[in-house]
Amino acid sequence: MSVQAYDDNNRRYFSTELLKWYQREQRDLPWRGSGDPYHIWVSEIMLQQTRVDTVIPYFNRFIERFPTLRHLAEAPEEDVLKHWEGLGYYSRARNLQSAVREVVAEYGAKVPDQKKQISSLKGVGPYTAGAILSIAYNQAEPAVDGNVMRVLSRYFLIEDDIARPATRVSMESLGQSLIPEGEAASFNQALMELGALVCTPKSPSCNTCPVGQHCAAKWESRERELPIKSKAKQPKRVYRLAALIEGTGEHEGQVLVRQRPNTGLLAKMWELPHVEVANEEVWDSLAEGGQWLESELNDQGVAIQVTRHMNEAQHIFTHLIWQVKVVGAVATNEHQLENLEGYAWVGPDQFENFVWPNIFRKLLTDYFKTANP
DNA sequence: AAACCGGGGGC
DNA sequence: GCCCCAGGTTT
């Protein structure tokens, strides 16, 4: 990294001008001001790979329901997941509660202020540890996220691939070296704020940038080339058939749903019973696919007959694309499904008692709307 | 190092 | 359609 080209004057300029800008322009965010390390912790977990505007309403609801570490520690996990519903990366919620329980049990319900301790908590990696230590406790620790790597790579013209872990490590030493004495909390937030508001990915506002005068990338008109990031592999497409099993008799107006496994993708959330099919051709044929769906669910104790094609949906994950076709079905052993482990009947009245991934929330909401207008 | 883990917004 | 977002864990 050719940061040596930058002398101390340039670094001092960067830090002082950035701090001055932040004092003027910082946004008023719900987790700023209270100074409660627990609130800061919750915000940092929610903000992982998630935009500020998305997080704000979730954060307010979450803190209202779980105002302190103890409230969160004592809550049922399902309740926590329900407050995370729609945010994505649900292991964040489970890890957070698990870590909070550890803090209550091992650290007297006080968020630890030592790096080794806080870094050992579930869901707390290098970024989050640095963010909590600096923002909540004003310790001179770096908090290097995507914003910070973008800002630093441009200002110092660093051409390392930011997708490589080694690059983040070197950015951390640079970021730490830039923190002015006693200003860790403001400086780290200022770096991220600049990345979010000014030094944006596509078209940075270099004309209004508080440190643009000494930005190496701007000097060479290369700000749009940075940071350098290798491309991610494109997601694999899979084909799935879901059964919308309509209840009869006492289950009139209800649909059979099931809970996902305790680990992995969308863990513990609810879904329509469904199977993956071998290829697009099987998926396309209602006869072929329907037969496969019937036999697979039958093996799990759910005997059905597929009746008709109903709906289609696509759901894009980071590493996976679900092509989902929904077919209508009737249960031929409805009386035996009552106590089948992991399955339940749900109608509009019970809908909110379950935690749904977005794709099934939408499919079921649409169904109930057309079935009971 | 690469794969896994959600969902949404900007352009 | 592509890229990114106040990343972390597992393999």
Side-chain angles (χ1 to χ4, degrees), chain A residues 26-27 29-32 40-59 81 84-96 98-99 118-136 142-151 161-169 171-172 175 185 187-197 199-204 224 227-236 260-261 263-269 271 313-322 355-362:
Chain A
Q26 63 174 286
R27 290 170 290 181
L29 302 175
W31 46 89
R32 287 184 177 159
I40 291 163
W41 182 7
V42 170
S43 77
E44 291 302 340
I45 302 298
M46 286 189 171
L47 286 162
Q48 288 169 6
Q49 299 293 288
T50 312
R51 293 173 197 284
V52 167
D53 290 342
T54 304
V55 165
I56 289 173
Y58 279 91
F59 176 83
L81 218 49
W84 212 271
E85 186 182 50
L87 251 193
Y89 287 137
Y90 299 96
S91 66
R92 291 185 294 175
R94 281 190 299 277
N95 286 338
L96 174 61
S98 167
I118 197 142
S119 299
S120 75
L121 298 171
K122 280 189 185 171
V124 178
Y127 163 75
T128 305
I132 295 172
L133 290 174
S134 61
I135 298 172
V144 173
D145 69 340
N147 285 311
V148 173
M149 289 202 277
R150 185 170 59 254
V151 170
D161 181 359
I162 64 167
R164 290 175 50 231
T167 302
R168 180 186 50 78
V169 171
M171 294 260 186
E172 282 170 350
F187 179 76
N188 281 349
Q189 293 181 86
L191 261 178
M192 294 188 273
E193 197 88 335
L194 188 76
L197 299 181
C199 197
T200 52
K202 292 292 172 64
S203 43
R224 285 166 183 272
I228 290 169
K229 186 179 184 181
S230 53
K231 294 197 194 316
K233 208 183 72 173
Q234 63 179 38
K236 188 176 88 173
R260 294 181 58 82
T263 59
L265 186 67
L266 303 172
K268 294 188 182 178
M269 302 183 78
E271 64 181 5
Q314 183 189 61
H315 195 68
I316 302 173
F317 301 90
T318 308
H319 60 295
L320 208 58
I321 300 177
W322 277 4
V355 185
W356 307 100
N358 275 11
I359 181 172
F360 292 111
R361 162 171 290 275
K362 179 164 178 10

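Chain naming here is simple, since letters A, B, ... match the order of the sequence lines and numbering starts at 1 in each.
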Rounded to the nearest Å, what distance is computed from the [atom1] atom of residue [X] to the [atom2] atom of nucleotide [N]?
X	N	atom1	atom2	answer
Ile359(A)	dG7(B)	CD1	P	9 Å
Leu265(A)	dA3(B)	CG	C1'	13 Å
Ile321(A)	dG7(B)	CD1	C1'	14 Å
Trp356(A)	dG7(B)	CH2	C1'	18 Å
Leu87(A)	dG8(B)	CG	P	9 Å

Exercise. Would you please name every residue forming a side chain to side chain donor-acceptor pair (under 3.5 Å) with Asp161(A), sequence neighbours left out?
Key: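 Expected list: Ser230(A).
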_With sequence neighbours excluded, residues passing side chain to side chain donor-acceptor pair (under 3.5 Å) with Asn147(A)_ =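 Partners of Asn147(A) by the side chain to side chain donor-acceptor pair (under 3.5 Å) criterion, ordered by chain and then number, come out as Asp145(A), Arg150(A).
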I'd like a table of donor-acceptor pairs (distance under 3.5 Å, sequence neighbours excluded) in which one partner is a side-chain atom from residues 43-55 of chain A, with atom names and distances.
from: Ser43(A); atom 1: OG; to: Ile40(A); atom 2: O; distance (Å): 2.7
from: Glu44(A); atom 1: OE1; to: Tyr127(A); atom 2: OH; distance (Å): 2.6
from: Gln48(A); atom 1: NE2; to: Thr128(A); atom 2: OG1; distance (Å): 3.0
from: Thr50(A); atom 1: OG1; to: Met46(A); atom 2: O; distance (Å): 3.3
from: Thr50(A); atom 1: OG1; to: Gln48(A); atom 2: O; distance (Å): 2.8
from: Thr50(A); atom 1: OG1; to: Arg92(A); atom 2: NH1; distance (Å): 3.2

Under the rule for ring-ring contact (aromatic ring centres under 6.0 Å, His included), what residues qualify as partners of Phe317(A), not counting sequence neighbours?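 Partners of Phe317(A) by the ring-ring contact (aromatic ring centres under 6.0 Å, His included) criterion, ordered by chain and then number, come out as His315(A), Trp322(A).
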Partner set under ring-ring contact (aromatic ring centres under 6.0 Å, His included) for Phe360(A), not counting sequence neighbours: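 Phe360(A): ring-ring contact (aromatic ring centres under 6.0 Å, His included) contacts with His274(A).
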Pairs under 3.5 Å (Watson-Crick or G-U), crossing ones as [ ], inter-strand ones as |: DNA chain B comes out as |||||.|||||
Given protein heavy atoms under 4.0 Å, the one-letter contact record of nucleotides 5-11 of chain C, with B base, S sugar-phosphate only and - none, is simply BBBSS--
With a cut-off of 3.5 Å and sequence neighbours excluded, list every side-chain donor-acceptor pair involving residues 188-197 of chain A.
from: Asn188(A); atom 1: ND2; to: Ser134(A); atom 2: OG; distance (Å): 3.0
from: Asn188(A); atom 1: ND2; to: Glu141(A); atom 2: O; distance (Å): 2.8
from: Gln189(A); atom 1: OE1; to: Arg32(A); atom 2: NE; distance (Å): 3.1
from: Gln189(A); atom 1: NE2; to: Ala185(A); atom 2: O; distance (Å): 3.1
from: Glu193(A); atom 1: OE1; to: Arg27(A); atom 2: NE; distance (Å): 3.4
from: Glu193(A); atom 1: OE1; to: Arg27(A); atom 2: NH2; distance (Å): 3.0
from: Glu193(A); atom 1: OE1; to: Arg32(A); atom 2: NH2; distance (Å): 3.0
from: Glu193(A); atom 1: OE2; to: Arg27(A); atom 2: N; distance (Å): 2.7
from: Glu193(A); atom 1: OE2; to: Arg27(A); atom 2: NE; distance (Å): 3.1
from: Glu193(A); atom 1: OE2; to: Arg32(A); atom 2: NH1; distance (Å): 3.2

Self-check item: Partners meeting salt bridge (charged side-chain N to carboxylate O under 4.0 Å, His left out) with Glu172(A) (sequence neighbours left out)
Solution: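 For Glu172(A), the residues satisfying salt bridge (charged side-chain N to carboxylate O under 4.0 Å, His left out) (neighbours in sequence not counted) are Arg168(A).
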